[in-house]
Enquirer: 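Let me begin by handing over the structure; questions about it come next.
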Amino acid sequence: MQARTTVRVHGDSEHLASRKTVLVTGGAGFLGSHLCERLIADGHDVICLDNFFTGAKQNIDHLLAHPRFEMMRHDITFPLYVEVDEIYNLACPASPIHYQHDPVQTTKTSVHGAINMLGLAKRLKCRIFQASTSEVYGDPSIHPQTEDYWGNVNPIGPRSCYDEGKRCAETLFFDYYRQHRLEIKVARIFNTYGPRMHPNDGRVVSNFIVQALRGAPITIYGDGSQTRSFCYVDDLIEGFVRLMNSPAEVTGPINLGNPGEFTIRELAELTIEMVGSKSKLTFEALPQDDPKQRRPDISRAEAQLGWRPTIPLREGLQRTIAYFDRFLSGRAGT
Ligand code: NAD
Ligand code: UDP
């Protein structure tokens, strides 16, 4: 393991941080790119690993020249040998369209990928964070969802490669914790949105904003009465960092998400209003196994991490709309 040194960060700030070398798998994706940015701002060396299945070089372009940032093209379903102090394991396609495109690879990424990253953490005796998901609760019959709810998951449906892959990854994390005393941090992430979401990955926030900006019909699946809770990316990344830096006994699983709950129809209407769009609503078939309701109980995150989201939906949407407006007009940047 690399020696930790103490450095000054944040320019003239008196704030001191312990400088670490941190591996972020899936670092060129939506969440990964924001996490890499945050870790660099906190004074760490970052190795960003990605196979670019759904990630984009554009997401990390602005980091490439940074002396503490390094990009590595690699697929986590294959073993990896690097020397780092901490691992954030985010690599995995996250939108239903992308994870269902090659479902066998999705399961391999979740399961073989977890085994490879846990093996690496075991050799290095380092902390490892897992980006798990509210999908482990499936179509939940408990509402809001608490971490002790075991879920309602179809093991053989089109979403199962992702849901069961992530559930198996959690099992592996807790077995490495019990069997090898590994320091694990498992976050169950609820729907998160913000700049650098993939414009074509079919997720609801990006779909609606892009449709509204183009004046195209807003595609509501089903009657739009299903609910989701939307967390702005900056809030989530703060939760990641707090969880990683929490005492060793805090293993998770821990829900990270915004407890504000909205129907999909409400989200569509709000997006149209905020964009000032003339788009009309159009109703399409509800995909199989689409969860009817989802909202995190974040009491554990509040108690153990002192964390709760601070950015309301309107404010987060405003920033995300501004990003997609620039993106669609070719003025993307970051
Ligand atoms: P994303 O698709 O933007 O990012 C995933 C990244 O992983 C991409 O850059 C992709 O190229 C990379 N990747 C995929 N398979 C890989 C492999 N085998 N080897 C190396 N890299 C690989 O998605 P995201 O929204 O940033 O999600 C990041 C993580 O957070 C995922 O694990 C996802 O399951 C989890 N998550 C996200 C949300 C959300 O709302 N965004 C919700 C729950 C869980
Ligand atoms: N959805 C929708 N129209 C779209 C995209 C998604 O009505 O254009 C719905 C989808 O059926 C689901 C919700 O929005 O009920 C959230 O979908 P998303 O794919 O963003 O995430 P997940 O289903 O994984 O929570």
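Just follow the structure's listing: the first ligand is 1, and inside any ligand the first atom is 1. We're numbering straight along the sequence, starting at 1.
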Enquirer: Is Ser134 in polar range of ligand 1, meaning some N or O pair under 3.5 Å apart?
Expert: no

Enquirer: Would one find an N or O of Thr77, backbone or side chain, under 3.5 Å from an N or O of ligand 1?
Expert: no

Enquirer: Is it the side chain (CB and beyond), the backbone, both or neither of Tyr193 that lies under 4.0 Å from ligand 1, heavy atoms counted?
Expert: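 For Tyr193, there is no contact with ligand 1 at all, from either part.
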
Enquirer: Measuring from each atom of ligand 2, which residues have a heavy atom under 4.0 Å away?
Expert: Pro96, Glu135, Arg159, Asn191, Gly202, Arg203, Val204, Asn207, Phe208, Thr219, Ile220, Tyr221, Gln226, Arg228, Ile264, Pro287, Asp290, Arg294

Enquirer: Would you please say whether a donor-acceptor pair under 3.5 Å links the side chains of His62 and Glu37?
Expert: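 Yes, a side-chain donor-acceptor pair sits under 3.5 Å.
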
Enquirer: Considering both backbone and side-chain atoms of Asn191, is one of its nitrogen or oxygen atoms within less than 3.5 Å of a nitrogen or oxygen in ligand 1?
Expert: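 Min N/O separation from ligand 1 is not below 3.5 Å for Asn191.
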
Enquirer: Indicate the ring-plane relationship of Phe174 and Tyr177, choosing parallel, tilted or perpendicular according to the 30° and 60° boundaries.
Expert: perpendicular

Enquirer: Does only the side chain of Arg203 get under 4.0 Å from ligand 1, or the backbone, or both, or neither? Count heavy atoms.
Expert: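 The answer is the side chain of Arg203.
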
Enquirer: According to ring pair (Phe, Tyr, Trp, His ring centres under 6.0 Å), does anything in residues 182-226 pair up with another residue at least two apart or in another chain? List the pairs.
Expert: His98-His198, Tyr193-Tyr232

Enquirer: Scan residues 237-279 for pairs that pass ring pair (Phe, Tyr, Trp, His ring centres under 6.0 Å), counting only residues two or more places apart or in two chains.
Expert: Phe129-Phe240

Enquirer: What orientation do Phe327 and Tyr323 show, parallel under 30°, tilted 30 to 60°, or perpendicular over 60°?
Expert: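 Taking Tyr323 first and then Phe327, their aromatic rings sit tilted (interplane angle of 30° to 60°).
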
Enquirer: Which is it for Gln105 and ligand 1 at heavy atoms under 4.0 Å: side chain, backbone, both or neither?
Expert: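 Side chain only.
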
Enquirer: Counting heavy atoms only, which of Ile76, Asp50, Thr25 comes nearest to atom 11 (O) of ligand 1?
Expert: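 Answer by nearest heavy atom: Asp50.
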
Enquirer: Do Gln211 and Thr219 meet the criterion of a side-chain donor-acceptor pair at a distance under 3.5 Å?
Expert: yes

Enquirer: With a cut-off of 4.0 Å, which atoms of ligand 1 are near a heavy atom of Thr192?
Expert: 39 (C), 40 (O), 41 (N)

Enquirer: Looking only at distances, can you tell me whether any N or O atom of Phe30, backbone or side chain, sits closer than 3.5 Å to an N or O atom of ligand 1?
Expert: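 For ligand 1, there is an N or O atom that lies under 3.5 Å from one belonging to Phe30.
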
Enquirer: Write out all pairs satisfying salt bridge (Lys or Arg N to Asp or Glu O under 4.0 Å) with one or both partners inside residues 179-194, taking only residues at least two apart or from two chains.
Expert: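 Checked against salt bridge (Lys or Arg N to Asp or Glu O under 4.0 Å) - neighbours excluded - the pairs reaching residues 179-194 are Arg127-Glu183, Glu170-Arg188.
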
Enquirer: For atom 44 (C) of ligand 1, which of the options Gly27, Cys92, Cys48, Ser132 provides the nearest non-hydrogen atom?
Expert: Ser132

Enquirer: Any nitrogen or oxygen of Thr133 lying under 3.5 Å from a nitrogen or oxygen in ligand 1? Just yes or no.
Expert: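 So ligand 1 has no N or O lying under 3.5 Å from an N or O of Thr133.
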
Enquirer: I'd like to check whether Leu31 has a polar contact with ligand 1, where a contact means an N/O of the residue lying under 3.5 Å from an N/O of the ligand.
Expert: yes

Enquirer: What about Leu90: any of its N or O atoms under 3.5 Å from an N or O on ligand 1?
Expert: yes

Enquirer: Identify the closest protein heavy atom to atom 13 (N) of ligand 1: which residue and atom is it, and at what distance?
Expert: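 Result for atom 13 (N) of ligand 1: Asn51 OD1, 3.3 Å.
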
Enquirer: Can an N or O of Gly29 be found at a distance shorter than 3.5 Å from an N or O of ligand 1?
Expert: yes

Enquirer: Relative to ligand 1, is Lys108 under 4.0 angstrom through side chain, backbone, both or neither, heavy atoms considered?
Expert: neither

